[in-house]
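Here is the structure we will look at.
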Amino acid sequence: MCRVRRATPSTSLCYEGAVVLRFSVTTFGCQMNSHDSERMEELLRDGGGSRAGEGDADVIVLNTCSVREKAEQKLRSEVGRIGKLKRERPDLIVVVSGCMAQQEGAKLLARFPEIDLVLGPDNIAELPELLAEIRLGAPPFVRTEFDLERPQFLRAPNVVGSRPTAFVTTMKGCNERCSFCVVPYTRGPERYRPSDDVLAEIAQLAAAGVREVTLLGQTVNSYKDPKGLLARAPGCDPEDPDESEFAALLRAIAESATGLHRLRYTSPHPRHLTPSLIAAHRELALLPRHVHLPVQSGSDRVLKRMIRRHTRREYLERVARLWRAVPGVTLSTDIIVGFPGETAEDFEATLALIEEVGFVGVFAFKYSRRPNTPALRLDDEVAESVKAARLERIFATTEPLQQRHLASLVGTTCEVLIEGPSKSKPENLTGRSERNEIVHVADAAGLELRGKLVEVVVVEAFKHSLLAQLTAESRRSARAQTSSEPRRRSLPLVSVAS
Ligand code: SAH
Ligand code: F3S
C-alpha cells in the first residue's frame with residue numbers, strides 16, 4: 001500500500017517518536033546533492049543518530065540523481081542490492097531522496113516495495129519527523145512538495161576547525177529549461193536566498209575557519225535578492241535582459257567576509273556572464289582565476305535546438321572579455337555529444353570550439369533522453385555507437401589540452417589553499433591553486449598548513465594534478481607559525497602568503 005503525503009506547514013525538527021538511529025547516506029550526482037546529503041546526515045545526527053555501514057544501519061538513504069539515464073540505472077541496482085538487506089531485516093528503513101525521488105514520486109513505491117519513503121530535495125528538513133512516523137507504523141509514502149511560497153535553504157552548522165572549504169547555497173531550481181535537461185522539473189523554478197542570509201552564513205563559516213566558499217546554484221549567476229537589499233553593481237546595465245544581481249552579491253561578500261581567501265561559484269550560465277560580473281572578476285581578489293562555464297555544443301544549430309539562449313559567437317565574445325579583464329583565467333566546461341540531429345559538421349564545430357577556448361577541463365556526456373524534456377519531441381536521434389565515438393574524440397582532444405596546460409605551469413609559482421594531507425602520500429599536502437588545479441605539496445609533513453594559503457613552485461605535471469614545493473619564504477613562515485601555535489588548532493586565522 002502507498003499513499004502520497006500532503007504538504008504540512010511545519011518543518012520543525014521537534015517531533016514525537018524520535019528514536020536513535022544508525023544511518024547510512026549514499027550520494028549520486030552533483031555538488032547540490034552532496035550538500036543535501038551532508039544536511040541529511042546532520043539532521044540525523046542532531047536527532048541522536050550515528051553513521052554506520054549499510055550492513056548495520058537502521059536507515060539507508062539513497063540520494064539520487066536523474067540528470068542522465070545512467071544515474072537512474074544505478075538507482076535500480078542499488079535498490080535491488082538493498083532489497084536483500086531489507087528481506088533479512090524487515091525493520092530497515094529505506095529512503096530514496098533527490099532528483100529521482102522528485103521525478104518519479106509514487107511510481108518508485110509501486111516499482112520497489114522495499115522503499116519506505118520517497119523524499120524530494122525541498123523536503124529534506126522534514127526527514128527526522130517523517131522517519132519517526134515510519135517508526136510508528138506509517139505505510140510507505142511520498143513527500144515531494146516544492147517550497148514555492150517560503151523557500152528554505154539548508155545551511156551547514158559551524159564546527160570550528162572542521163574544514164577549510166564549504167558550499168553555500170544561494171539559489172535553487174532553474175528557469176532556463178534547456179531542452180535536454182530534467183533539472184527544472186526535479187528542482188523546480190528558481191528561488192533565491194536573501195543576500196543577508198547568505199552573508200550571515202559566510203561570516204559564520206569564515207569565523208569557524210572556512211577559507212574558501214563555493215556558492216551553489218543551478219544557474220548561480222542569475223541571482224536576484226528577493227529582499228532587494230543589494231545596490232546595483234558597477235558595470236551593470238539595467239536594460240540588459242541577462243543582467244542579474246550576482247556581481248553585487250559577490251562584492252557584498254568580498255566586502256564583509258573577513259578571513260575568507262577564495263570565493264568560487266558553480267555553475268554559471270553563459271548568458272549571465274555579463275559586463276558587471278566580468279568587472280567583479282577584474283576587481284575582486286577573492287575570485288579565483290578559473291570559471292566553469294558550461295557550453296554544451298559549439299554549433300549554433302545545436303545550441304538553438306538545445307534552447308541555450310546564446311550563440312557560439314556570444315559565448316566566445318563573453319569569454320574573450322573575461323580573458324581581457326583577468327589575464328590567465330582558465331575555463332572548464334560541460335559538453336553533450338549526440339544531441340538529436342547533431343551532424344558530423346556540428347560535432348566538428350564543438351571540437352573546434354574546445355581547441356579555440358583551450359578548456360583545461362571538459363566534462364563530456366552522451367545525450368540521454370530524460371522524461372518531460374522538450375528534446376524528447378526532436379527527431380534524428382544519433383546512434384549510440386556514434387555518440388560513443390564522438391565522446392572518445394572529445395577525450396582525445398581535451399586530454400592533450402589539459403596536459404599542455406599543466407606542463408606549462410612547471411617552474412611557475414602559484415598560491416595553494418591547503419586542504420589536508422594527500423591521500424596517496426601522507427607526507428605531502430594537497431590543495432587547489434587559484435586556477436583550481438589540484439596541487440600536491442611535497443615535504444610538508446609536520447607543518448600546520450591546513451586552511452592556509454601558501455606560495456609554491458610547481459616542479460612536475462602529472463595527468464590530472466601538479467607536484468610543487470613550498471617557496472623558501474613560505475617554508476620559513478610556515479615553520480615559524482607551526483612552532484608558535486598550539487598543536488590542536490588546525491585552522492589558523494593568518495595566511496602564510498596572501
Ligand atoms: N546548471 C547545472 C547543470 C546541471 S546538469 C549545474 O549547476 O551543474 C550538469 C550537466 O549535465 C549539464 O551541464 C549537461 O552537460 C549534462 N546534462 C544535462 N542533461 C543531460 C542529458 N539529458 N543528457 C546528457 N547530459 C546532460
Ligand atoms: Fe539544466 Fe540548462 Fe538549467 S542545463 S540546470 S536547464 S541551465
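Whatever order the structure lists them in is the order used to number ligands and atoms, beginning at 1. Bear in mind that the values here come from a model prediction, so they are computed numbers and not experimental data.
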Answer with yes or no whether [X] contacts ligand 1, where contact means a heavy atom under 4.0 Å from a ligand atom.
X	value
E176	no
R369	no
V67	yes
T219	no
G217	yes

Would you say [atom1] of [X] has more than 12 non-hydrogen atoms from neighbouring residues, nucleotides or ligands within 6.0 angstrom?
X	atom1	value
Q73	CD	yes
R321	CZ	no
K224	NZ	yes
R81	CZ	yes
R111	CZ	yes

Nearest protein heavy atom with distance in Å, relative to [atom]:
atom	value
atom 10 (C) of ligand 1	D334 OD2, 3.5 Å
atom 8 (O) of ligand 1	S267 OG, 3.2 Å
atom 24 (C) of ligand 1	K366 O, 3.3 Å
atom 14 (C) of ligand 1	Q296 OE1, 3.4 Å
atom 4 (C) of ligand 1	Q218 OE1, 3.9 Å
atom 3 (Fe) of ligand 2	C174 SG, 2.3 Å

Are the side chains of D197 and R155 in touch, meaning some heavy atoms are under 4.5 Å apart? yes
Checking side-chain contact (heavy atoms from CB on, under 4.5 Å) between F359 and each of T398, T397, I354, which is the one that passes? I354
Strictly below 4.0 Å, N to O, side chains only: are [X] and [Y] in salt-bridge contact?
X	Y	answer
E342	K387	no
E245	R232	no
E419	R450	no

Looking only at heavy atoms, is any part of P294 under 4.0 Å from ligand 2, and if so is it the side chain, the backbone, or both, or is it neither? neither
Which one holds for R177 and ligand 2: side chain close, backbone close, both close, or neither close, with close meaning a heavy atom under 4.0 Å? backbone
Ligand-side contact atoms (ligand 1) for residue partner M32, heavy atom cut-off under 4.0 Å: 7 (O)
List ligand 1 atoms under 4.0 Å from Y367, heavy atoms only on the residue side. 23 (N), 24 (C)
Give the atoms of ligand 2, by number and element, whose distance to some non-hydrogen atom of [X] is under 4.0 Å.
X	answer
F180	4 (S)
H269	7 (S)
Q218	5 (S)
V183	5 (S)
T219	7 (S)
P184	6 (S)

F180 contact mode with ligand 1 (heavy-atom cut-off under 4.0 Å): both
Checking the N or O distance criterion of under 3.5 Å, is ligand 1 in contact with S368? yes
Is there a nitrogen or oxygen of R68 sitting under 3.5 Å from a nitrogen or oxygen of ligand 1? yes
Does a donor on one side chain sit under 3.5 Å from an acceptor on the other, for [X] and [Y]?
X	Y	answer
Q103	T186	no
H405	T330	no
S222	E190	yes
T311	D300	no
N63	S37	yes

I'd like to know: is atom 1 (Fe) of ligand 2 within the 2.8 Å range of an N/O/S atom from C181, strictly under that distance? yes
Looking at ligand 2, is there an atom of it that comes within less than 4.0 Å of some heavy atom belonging to R308? yes
Taking Y265 as the fixed residue, which of H272, H292, H281 is the one that meets the ring-ring contact (aromatic ring centres under 6.0 Å, His included) rule? H281
Below 2.8 Å, can you find an N, O or S atom of C178 next to atom 2 (Fe) of ligand 2? yes
